[in-house]
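Report on one structure; see the data block that follows.
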Amino acid sequence: MTTLSLAKAINAGLRRSLGSDDRVMLMGEDVGALGGVFRVTDQLQAEFGRERVFDTPLAESGIIGTAIGLAMRGYRPVCEIQFDGFIYPAFDQIVSQLAKIHKRTDGAVTVPLTIRVPYGGGIGAVEHHSESPEAYFAHTAGLRVVSCSSADDAYGMIQQAIASDDPVLFFEPKRRYWDKEDVDLEAIPTLGLYDARVVTEGTDLTVVAYGPMVATSVAAAREAASEGTSVEVIDLRSLSPIDFGTIERSVAKTGRLVIVHEAPVFLGLGAEIAARISERCFWMLESPVIRVGGYSTPYPPSKVEQYYLPDIDRVLDAIDRSLAVQ
Amino acid sequence: MTTLSLAKAINAGLRRSLGSDDRVMLMGEDVGALGGVFRVTDQLQAEFGRERVFDTPLAESGIIGTAIGLAMRGYRPVCEIQFDGFIYPAFDQIVSQLAKIHKRTDGAVTVPLTIRVPYGGGIGAVEHHSESPEAYFAHTAGLRVVSCSSADDAYGMIQQAIASDDPVLFFEPKRRYWDKEDVDLEAIPTLGLYDARVVTEGTDLTVVAYGPMVATSVAAAREAASEGTSVEVIDLRSLSPIDFGTIERSVAKTGRLVIVHEAPVFLGLGAEIAARISERCFWMLESPVIRVGGYSTPYPPSKVEQYYLPDIDRVLDAIDRSLAVQ
Amino acid sequence: MSIASIEITGHTEAVALLPTAGGDLVPHPIFSAYVSDIGDAELVEMYTDLVVVRRIDAEATALQRQGELGLWAPMLGQEAAQVGSARALREKDFVFASYREHAVAYLRGVDPTMILRFWRGSTHSGWNPYEVNMTTPAIVVGSQMLHAVGYGMGIRRDRSDDIAITYFGDGATSQGDFSEALGFAASFAAPVVFFCQNNQFAISAHVGVQTTVPIVQRAAGFGIEGVQVDGNDVLAVLAVTRYAAERARNGEGPTFIEAVTYRMGPHTTSDDPTRYRDAEEVARWKERDPIDRLLRTLEHRGLATPQMLAAAEATAGEFAASVRAGCLGTVEPAPESIFENVYAEPHSLLEEERAEFVSYHGIRDTKAADR
Amino acid sequence: MSIASIEITGHTEAVALLPTAGGDLVPHPIFSAYVSDIGDAELVEMYTDLVVVRRIDAEATALQRQGELGLWAPMLGQEAAQVGSARALREKDFVFASYREHAVAYLRGVDPTMILRFWRGSTHSGWNPYEVNMTTPAIVVGSQMLHAVGYGMGIRRDRSDDIAITYFGDGATSQGDFSEALGFAASFAAPVVFFCQNNQFAISAHVGVQTTVPIVQRAAGFGIEGVQVDGNDVLAVLAVTRYAAERARNGEGPTFIEAVTYRMGPHTTSDDPTRYRDAEEVARWKERDPIDRLLRTLEHRGLATPQMLAAAEATAGEFAASVRAGCLGTVEPAPESIFENVYAEPHSLLEEERAEFVSYHGIRDTKAADR
Ligand SMILES: Cc1ncc(C[n+]2csc(CCOP(=O)(O)OP(=O)(O)O)c2C)c(N)n1
Ligand SMILES: Cc1ncc(C[n+]2csc(CCOP(=O)(O)OP(=O)(O)O)c2C)c(N)n1
Ligand SMILES: [Mg+2]
Ligand SMILES: [Mg+2]
């Protein structure tokens, strides 16, 4: 066991993937000498050389487009998009190419490409540095979308993502980069990359969250417990596909569901979860599924971001509203 | 009253906007001499000149980016994106610029820009020509998204979209371009651009659809009626914002809801509608909300598209399944 | 322009080797050497290629008219640009094409029937890219060049002397992805040949809408060597492409080729060129027909014998017949194929949807039966 | 390169007017004429501008260190490029900047305090673009050039002699949007000045990662005139920008300017340049400091009097003090402001969310009270 921050755990996972598979490459803006603006690729260029860990020109479409070509040549590129808000210039290459090439070629071409995206708010950043664009990609057939929430899990997940033969969008909750946790560097992940995980068991209500909102939800559950409410918290982990089985089993037990994410509620991941659970658990739900998330506004200036972001109080308020329905 | 195809009705609406406001401009690929690949801008360059209706270089990001600049200079550009699948190169300009400039400038800058997008399948086209990307934009705060379903409505809607001071994504159901309807060229639209409309009244079940699926749903309702089921069909018209009031009023009456669209079900518009109606009409719903739509796959080759696209039978099947729940 | 500004100078005239008037090859100080091995036999071979691909193209257009294809993008007029460049490639080189490179596909060994399946709407591809080292049609204009550059970056890391070549049109040069591809290619010295077929149009937009200067000049701004070639001169195109390929194999990085040609037909079978270009212009280019151009040289050398011409026609006829037969004989994909190859690994949601789909269609069929 | 290829030739040396060693202005056959009106008074004014903006920049960095700003992007070293170019503009011209043009904003008349509010996190803008004819920071690299071109297209249609100028860095030239902007500008002959501050770095990436040839060459490939200027020579930058502006006003279309300078500080206050560049390089550029450069000429002319220097310092000090006071005195936005200005017209969903938001925070407050 080693105590690592989330950022260092991902760094360790990348190191392990680079070490175990010569076809793995890291590419992106400032991932080389600088080690990335969050130091997630720190020292990797020094260790694996400029051919395997390299800086690219400042062009996201170019990064993804050339990574697709590298993948077609047999490599397994891991691309870093410096911040959530800068993935959009690559949208066409991701949605019309990366997601569709395997289908287009009737399976002849696989594109084992991982796109790392530091995402979400809460770090007091300027515009375009605090967004949660995951729903755009989860709505795109052909892509897989996952998000880690803690160091230990991230260490295994990044390796699983790189090992996947499908393109994977790997969303990293940047505001949790500095959160430490014990990580077993030798462990082989027991949980599949696309499985959700119950992080806090409970019986009265289920909270589904992912990425940065898992810690928030767990804290809310703790506070609820102190007030006598038993909340089960599920870390979704995979946003596409979604492990609905785990959610259904929990709702079958609790009868109540609250979904939490930073992204705008309107057409956010919560919409799909609420729609599907409301359909499948129609007779089990004791109260309407409640969604807690960002508002239908651009991400606000950081001085007011705390009012935009779901926090413990808003999760507790949703829990109260759900339990109020008898 | 004049009988016009949907394409010609939009052409007439564009002509009227160009004629009534000198700041309106049409720009895009092949919108000039050719009149657009669907002839929606037919003759408009001849009538209004090359300065107001013009071809652009082949670059969607350039089209939207320069249109934003034109809007900042006081113009009201109407951009045509030739096909749904070609809007992605402009995604960054749409999501990070067009949608955010008004907010970014604390309201100082408005961007009255309309983006016309022929969308959807059913015309036997090659890859990238049959997509339904509306959810990406509906999930984006700062944008408005509408879709017309018939000639008469489209004639008014396109003028309202151009008159709006907010950016509007105007989705045109390309497979209905040739469908004719009586259009009153003098009429001033009574319905707001963001209001849904009940196109078929009914009492047993509500079907919500938009764009190309409205005709399909109305046909299904007709067939259901012949089997003794009274289906109410709502044309959503505005996808962002959504007129939930109209849907709720209908569900309050019918207690059952089926949502139909071509886009993939997973995180499609139906997810938001199902989530919100399941929450707001929790006690009124007699059966789970059912979504009928595309699958979680890229749009398939046209020889099998009829299996991908929702059709009358699939809508009827959903209606049967909903009614089966007692 | 002021002397403080950058000026484009130097010889920008398109390279040509086949005479336009008559007589034998026009010598070129640099490029003649690249086709010194091309003798009578090879010229006849190329002539046959040109005749064959034109016939396949014509047959496809006919099949579309008869409703057998949903759409077709004719290459009429561009045969030399495609045949000349494709003949410069090695088997292991990889081609990243757009949607109009039917002749290139043919020369890579793609069964022409398979080319048509895409346009029929029976598949998004038509062949396995790795079997012929050529991608299937790239419909999103400008999307394929970056893939070629990335592939080339991989070649370089493999220390291989393969090269990547990407085909695209004049319109595609306006896309940001094209410029990013030039930038990455230069930055990583990727062994890539950028082959632009400037056929003067992007659907209805004349090339003048895309650029005010010759497209070939674009490359220099990125530090990439550019060569403009007469795209209707199959021999010159072969020479210039061999030159570019050699540079790439020698580690000299990317080269940009602008092949100046003309789209004699409509953009696709659903286009109506009469709306945006006049007959005279088309007539002028008809006189520069790439097949006639080569034929004149063959005649000059006495190679245009009735037998040779008949043989070429015969080969073309056979291909046309097999293409037609293959097209009519297409076995359409099964409905469930929609769910195949979306992911390389199992996907829970997709499997659910597939199961529902299968059972639903089972249900519907019986229903249909008792209606 | 072969003669069949395009070559970039001609005078690509950066234009310079201020002497590097000493003495008076270096004459230039073309550009001296563009600053013939600049006498001693103007040189002193420019010197004062340089000193003031550098002080504002330093004050902002200090405020960030003290936690008053979330972030700051220092312009240290780039003052001449910004002051020289901004002084070439008319009030009605419109500036489309990136995020580092603090000096340009200052010269457009933006209250420096407002510049800081963006970096403090109190707003996404800081000023009304129409009041000073300059956009607020464009954070997405490469996003603003197309806006400048579109605005320029509008100017042209208005038959106005306004111009648009867009500022961006060396890294931004790799973005597809930049090339599309050059393409549209050329195609529509838009009255736009593309002003690239090549400060040698895109965060940690040396300009060599973006291009293998001088950035100024990029323009010619699009048929756009390019001029390279010594970005640390405030007078040369003024002259070259006036030249470009004049061309635009005369309907001669776009001009591209590469101002060669150096980012003396970190990319932003959260950057650590020691990880990717060595002290010697920085030292070398320190000797080319733009303020010292002008000062030498002022000294040569006997204008660098103690009074003048003191006056400049005093002005700078006043601005610094007011910026600090203004920053500390910032009134932060109200929570509900989140919902303001998202749309220009009423939006049902947003109004609902706003109502819930307001009532929720009412609720929470009372709750908080009885906890
Ligand atoms: C991104 C994108 N935008 C628009 C289109 C529609 N479209 C198909 S081909 C074409 C013109 C392409 O012209 P060019 O690049 O010169 O190639 P050519 O067709 O002449 O071979 C256009 C606009 C597209 N396929 N992709
Ligand atoms: C599209 C996009 N990608 C990445 C970033 C992160 N980023 C901010 S500034 C910067 C470097 C910009 O370099 P340059 O254009 O030379 O401008 P400079 O900072 O040197 O003034 C990067 C990569 C961004 N803001 N936008
Ligand atoms: Mg063309
Ligand atoms: Mg820079």
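To find a chain, count down the sequence lines: A is the first, B the second, and so on, and within it residues start at 1.
- With a 4.5 Å cut-off on non-hydrogen atoms, A:S61 does not touch chain D at all.
- Applying the side chain to side chain donor-acceptor pair (under 3.5 Å) rule to pairs touching residues 34-45 of chain A yields A:D42-D:R275, sequence neighbours excluded.
- Residues A:E131 and A:Y119 bring no donor and acceptor atom of their side chains to less than 3.5 Å of each other.
- Although no hydrogens or angles enter the test, the distance criterion places a donor-acceptor pair under 3.5 Å between the side chain of A:K174 and the main chain of A:G120.
- Of the listed residues A:E29, A:E127, A:Q306, the one with more heavy-atom pairs under 4.5 angstrom with chain D than any other is A:E127.
- From A:M213, atom CE reaches atom OG of A:S132 across 8.5 Å, with rounding to the nearest 0.5 Å.
- Counting heavy-atom pairs closer than 4.5 Å to chain A, the top residue among D:I338, D:D272, D:V342 is D:I338.
- Side-chain N or O atoms of A:N11 include one that pairs as donor or acceptor with a backbone N or O of A:V40 at under 3.5 Å.
- Side chain to side chain, D:Q175 and A:E60 meet the donor-acceptor criterion of an N or O pair below 3.5 Å.
- Chain A forms the most heavy-atom pairs under 4.5 Å with one residue out of D:S122, D:A202, D:A205, and that residue is D:S122.
- Neither the backbone nor the side chain of A:V265 comes within less than 4.5 Å of any heavy atom of chain D.
- Counting only N and O atoms by type, the side chains of A:Q82 and A:R116 include no donor and acceptor under 3.5 Å apart.
- By a heavy-atom distance cut of under 4.5 Å, D:F118, D:W119, D:R120, D:G121 are the residues of residues 111-121 of chain D near chain A, going up by number.
- Nearest approach of A:Y295 to A:R314, heavy atoms of both residues: OH-CZ, 3.4 Å.
- Heavy-atom distances place the side chain of D:L349, and not its backbone, under 4.5 Å from chain A.
- Per-residue counts of heavy-atom pairs under 4.5 Å with chain A were compared for D:D170, D:N341, D:V209; the largest is that of D:V209.
- A cation-pi contact, defined as under 6.0 Å to the ring centre and within 45° of the axis, is absent between D:R218 and D:F256.
- Counting only distance, with no hydrogens or angles, the side chain of A:H261 and the backbone of A:G270 share a donor-acceptor pair below 3.5 Å.
- The contact between D:E332 and chain A is made entirely by side chain atoms (from C-beta outward), counting heavy-atom distances below 4.5 Å.
- Proximity to chain A (any heavy atom under 4.5 Å) is restricted, for D:L350, to the side chain, taken from C-beta onward.
- Between the side chain of A:E272 and the backbone N or O of A:L269, no donor-acceptor pair lies under 3.5 Å.
- Using a 4.5 Å cut-off between heavy atoms, D:V141 touches chain A through its side chain atoms alone.
- Of all the listed residues (A:A125, A:A59, A:G35), the one sharing the greatest number of non-hydrogen pairs under 4.5 Å with chain D is A:A59.
- Each of D:S337, D:S174, D:G176, D:G70 has some count of heavy-atom pairs under 4.5 Å with chain A, and the biggest count is that of D:S174.
- Contacts between D:D271 and chain A at a heavy-atom distance below 4.5 Å involve the side chain alone, from C-beta outward.
- Per-residue counts of heavy-atom pairs under 4.5 Å with chain A were compared for D:G171, D:P137, D:A334, D:P273; the largest is that of D:G171.
- Using a 4.5 Å cut-off between heavy atoms, A:Y299 contacts chain D through its backbone alone, with no side-chain atom that close.
- For the pair A:S302 (side chain) and A:E305 (backbone), a donor-acceptor distance under 3.5 Å is absent.
- Nearest heavy atoms, D:R263 versus D:Y276: NH2-OH, 2.5 Å.
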